[in-house]
Amino acid sequence: MGPQGSGKGTQAARVAQALAIPAISTGDIFRANIKGDTELGRLARSFSDRGELVPDEVTNSMVRDRLAQDDAAGGFLLDGYPRNAAQVVELDAILAEHGVALDGVVELEVAEEELLERLARRAEVEGRSDDTPEGIRRRLAVYHEQTAPLAQAYAERGIHAKVAGSGDLDVITSAVLEAVASLQD
Ligand code: ADP
């Protein structure tokens with residue numbers, strides 16, 4: 001977990017590689033579909049360009065299909081999902097069907113000011129169609145309203161840890177790996 005610009009995608013790739021499991025990013029899957037101009041991509045774009053969440057039925061069934069693929073059988077890392085309370089419920093159901101459960105939920109913490117700086121820089125470098133000032137503002141608001149509260153639910157299950165997301169990339173990766181290891185014990 002972590003707000004836009006917290007480094008989730010960067011750390012997800014590094015942590016997944018260290019654990020030899022796939023990193024599954026709903027944002028990346030949507031972006032690949034947008035790029036390929038698929039039906040799913042056109043639908044996703046109409047929401048993501050406004051900084052809104054793609055409807056749960058669409059996102060949930062996409063995650064369900066992805067988690068059924070062979071490479072997820074030995075474990076996986078989810079980046080950008082679940083993002084609201086309904087997705088938490090659906091993820092629990094999907095995992096129960098596979099006879100597995102989440103080992104841990106790691107939340108990357110970065111000060112709001114630094115987030116905004118990073119996102120402004122990313123907008124210049126990557127030119128993502130949703131990184132407009134309005135899109136960024138809306139995504140941060142949606143994160144605070146709908147996603148941040150999920151940390152509490154996972155903390156109550158004893159599977160949530162916070163990691164500082166500023167500073168050296170390697171140090172952050174090590175801290176995430178340590179948090180995952182301690183949550184698994
Ligand atoms: P960011 O880099 O801003 O954190 P992502 O790359 O994770 O954003 O996602 C980009 C967009 O894809 C989101 O703004 C949203 O529209 C859509 N999206 C990604 N994950 C989800 C999700 N779990 N539920 C609904 N929409 C999602």
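Because the structure is predicted, anything quoted here is derived from the model rather than measured. What you see below is based on every heavy atom in this structure, not just the backbone, and it leaves out hydrogens, waters and symmetry mates. Start at 1 and go down the list; that is how both ligands and their atoms are numbered.
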*Just by modelled atom types, is the Asp130 backbone N or O under 3.5 Å from a matching donor or acceptor in the Arg139 side chain?*
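Side chain of Arg139 to backbone of Asp130: a pair is present.
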*How would you list all residue pairs meeting side chain to side chain donor-acceptor pair (under 3.5 Å) that involve residues 172-183, not counting sequence neighbours?*
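Qualifying pairs, neighbours excluded: Gln11-Thr173, Arg14-Thr173.
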*How is the hydrophobic cluster of Ile136 composed, in terms of its other members, when Ile, Leu, Val, Met, Phe, Trp and Tyr link through side-chain heavy atoms under 4.5 Å apart, directly or indirectly?*
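For the cluster that includes Ile136, the remaining residues are Val110, Leu115, Leu116, Leu119, Leu140.
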*More than 12 foreign heavy atoms under 6.0 Å from CD of Glu134: is that the case here?*
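12 or below, so no.
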*For ligand 1, list the protein residues that place a heavy atom within a distance below 4.0 Å of one of its atoms, sorted by chain and number.*
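Close residues (ligand 1, cut-off 4.0 Å): Gln4, Lys8, Thr26, Gly27, Phe30, Arg31, Ser48, Glu52, Leu53, Val54, Thr59, Gly80, Tyr81, Arg83, Gln87, Arg122, Arg128, Asp130, Arg139.
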*Is the shortest side-chain N to carboxylate O distance from Asp131 to Arg121 below 4.0 Å?*
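Salt bridge: no.
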_Per the salt bridge (charged side-chain N to carboxylate O under 4.0 Å, His left out) rule, what does the pair list look like for residues 41-53, sequence neighbours excluded?_
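Sorted pair list: Asp37-Arg42, Arg45-Asp49, Glu52-Arg138.
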